[in-house]
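Below, each value reflects all heavy atoms present in this structure, side chains not excepted, and no hydrogens, waters or symmetry copies.
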Amino acid sequence: DFATLCFRWPLVRSSADEKAVALFEAAIAKRAVWKNLPGFTADVSGSVDGRGFEGTARVDAEGDLTVESDEEAGTEWVEDQLGSIVLHRQASDGSRPKPVLRFADDDLDHPLGRLLIFDGGRFASSYRVRDGHLSVVNRNIGPMNMTITVLDNKKNAEGKFLPHSYVVQYWDAKTGRLLRTETVQVRWRRVGDFDLPTE
């Protein structure tokens, strides 16, 4: 005797937890964004491994970034950091499908907030939401897992959140070994209707 079980393949959860989705979307809506940014050009300076560098960064109205610098490592770092800032500050056009999220557990008292699991997507993401903002982002990026833990945010003139300081940890996806940790601080200046990074 044997039994046969039939499943629709692939096994993908098709429903979302409405409360989890609402919590996530409320946190996303509280992020400061650039609406109708005309673009900007900025002088850039810094140091990498003790070597100073200078250059120019340009962000156009579509959010495309170009960086010119006299130090290759400085150019790469500015492209990475400023590119991430631009990506996170761009306003959504509302065309994205609703996320499929659910609560990972019933822990209401975790110090970093509720844990939400994102079903599907290319980054296998999970998030924590605390006090109305994203406090932790976990992502799989190929051979690495990445965890961003927000230490504190700043509110802009509209009462929206801007990241002030956070920690990024990179882990080997197979072994779980910690590869590196970065601590990031961002300083902002109001220029017209836009909050632009200054440091």
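- Annotation: side chain of Gln81 is in contact with side chain of Val184 (closest heavy-atom distance under 4.5 Å).
- One N or O on the side chain of Arg114 and one on the backbone of Asp105 form a donor-acceptor pair closer than 3.5 Å.
- At least one side-chain heavy atom of Leu116 sits less than 4.5 Å from a side-chain heavy atom of Val129.
- Asp107 places a side-chain heavy atom less than 4.5 Å from the side chain of Asp109.
- Following chains of ILVMFWY side-chain contacts shorter than 4.5 Å, one can reach Phe118 starting from Leu23, so the two form part of one hydrophobic cluster.
- The environment of CD in Glu158 is crowded: more than 12 heavy-atom neighbours from other residues, nucleotides or ligands sit within 6.0 Å.
- One N or O on the side chain of Arg89 and one on the backbone of Ala32 form a donor-acceptor pair closer than 3.5 Å.
- Within the 3.5 Å criterion, the main-chain N or O of Glu68 finds no donor-acceptor partner in the side chain of Thr56.
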Step by step, work out the side-chain contact (heavy atoms from CB on, under 4.5 Å) result for Phe53 and Glu72.
-> CA-CA 9 Å; Phe53 67 88; Glu72 184 177 343; over 6 Å; no
Pair Val136-Thr147, side-chain contact (heavy atoms from CB on, under 4.5 Å): steps then yes or no = CA-CA 7 Å; Val136 177; Thr147 298; 4.0 Å; yes
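- Of the possible polar contacts, one joining the Gln90 side chain to the Glu62 backbone as a donor-acceptor pair under 3.5 Å is found.
- Annotation: side chain of Lys160 is not in contact with side chain of Val33 (no heavy-atom distance under 4.5 Å).
- You'll find the side chain of Lys30 stays beyond 4.5 Å of the side chain of Leu134, heavy atoms only.
- With values rounded to the nearest 0.5 angstrom, Thr181 atom OG1 is found 9.5 Å from Tyr170 atom OH.
- A pairwise comparison of heavy atoms in Arg130 and Pro111 identifies CD-O, 3.2 Å as the closest pair.
- Linking ILVMFWY side-chain heavy atoms closer than 4.5 Å, directly or via other members, places Leu179 and Trp77 in a single hydrophobic cluster.
- When all heavy atoms are compared, the tightest approach of Pro99 to Val21 is O-CG2, 3.5 Å.
- The ring-ring contact (aromatic ring centres under 6.0 Å, His included) test applied to Phe40 returns Trp34, not counting sequence neighbours.
- Shortest non-hydrogen contact noted between Gly142 and Ala173 is O-CB, 3.9 Å.
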What do the steps show when you test Gln185 against Arg187 for side-chain contact (heavy atoms from CB on, under 4.5 Å), and what is the final call?
-> CA-CA 7 Å; Gln185 294 183 344; Arg187 300 297 180 260; 3.2 Å; yes
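- Put simply, CD1 on Ile148 and CG on Leu151 are 11.5 Å apart, with the number rounded to the nearest 0.5 Å.
- Of all heavy-atom pairs spanning Ser84 and His88, the tightest one is O-ND1, 2.8 Å.
- Side-chain atoms of Asp70 come within 3.5 Å of backbone N or O of Glu54 as a donor-acceptor pair.
- Using a 4.5 Å cut-off between side-chain heavy atoms of Ile, Leu, Val, Met, Phe, Trp and Tyr, with links allowed through other members, Val86 and Leu196 fall into the same hydrophobic cluster.
- In the hydrophobic clustering of this structure, Tyr127 does not group with Leu87; members are Ile, Leu, Val, Met, Phe, Trp, Tyr whose side-chain heavy atoms approach within less than 4.5 Å, directly or through other members.
- Closest approach of Ala57 and Leu65 over heavy atoms only: CB-CD1, 4.4 Å.
- Counting non-hydrogen atoms of neighbouring residues, nucleotides and ligands closer than 6.0 angstrom, the CG atom of Asp152 exceeds 12 such neighbours.
- Shown here for Ile141 and Met146, the closest heavy-atom pair between the two residues is CD1-CB, 4.2 Å.
- For Arg189, the CZ atom counts as loosely surrounded, since its 6.0 Å shell holds 12 or fewer non-hydrogen atoms of other residues, nucleotides or ligands.
- Here the side chain of Ser135 pairs a donor or acceptor atom with the backbone of Arg128 at under 3.5 angstrom.
- When hydrophobic clusters are built by joining Ile, Leu, Val, Met, Phe, Trp and Tyr residues whose side-chain heavy atoms come closer than 4.5 Å, directly or via intermediates, Trp188 is not grouped with Phe161.
- How far CD1 of Ile117 is from CG of Leu101: 9.0 Å, rounded to the nearest 0.5 Å.
- With a 4.5 Å cut-off on side-chain heavy atoms, Ser126 and Leu115 count as touching.
- For the pair Arg180 and Gln169, the minimum side-chain heavy-atom distance is 4.5 Å or more.
- Separating the CZ atom in Phe194 from the CG atom in Asn156 is a distance of 12.0 Å, to the nearest 0.5 Å.
- When side chains are defined from C-beta on, Tyr166 counts as touching Val168, because their heavy atoms get closer than 4.5 Å.
- Heavy atoms from other residues, nucleotides or ligands lying under 6.0 Å from CG of Asp193 number 12 at most.
- Within 6.0 Å of CD in Glu18 there are 12 or fewer heavy atoms belonging to other residues, nucleotides or ligands.
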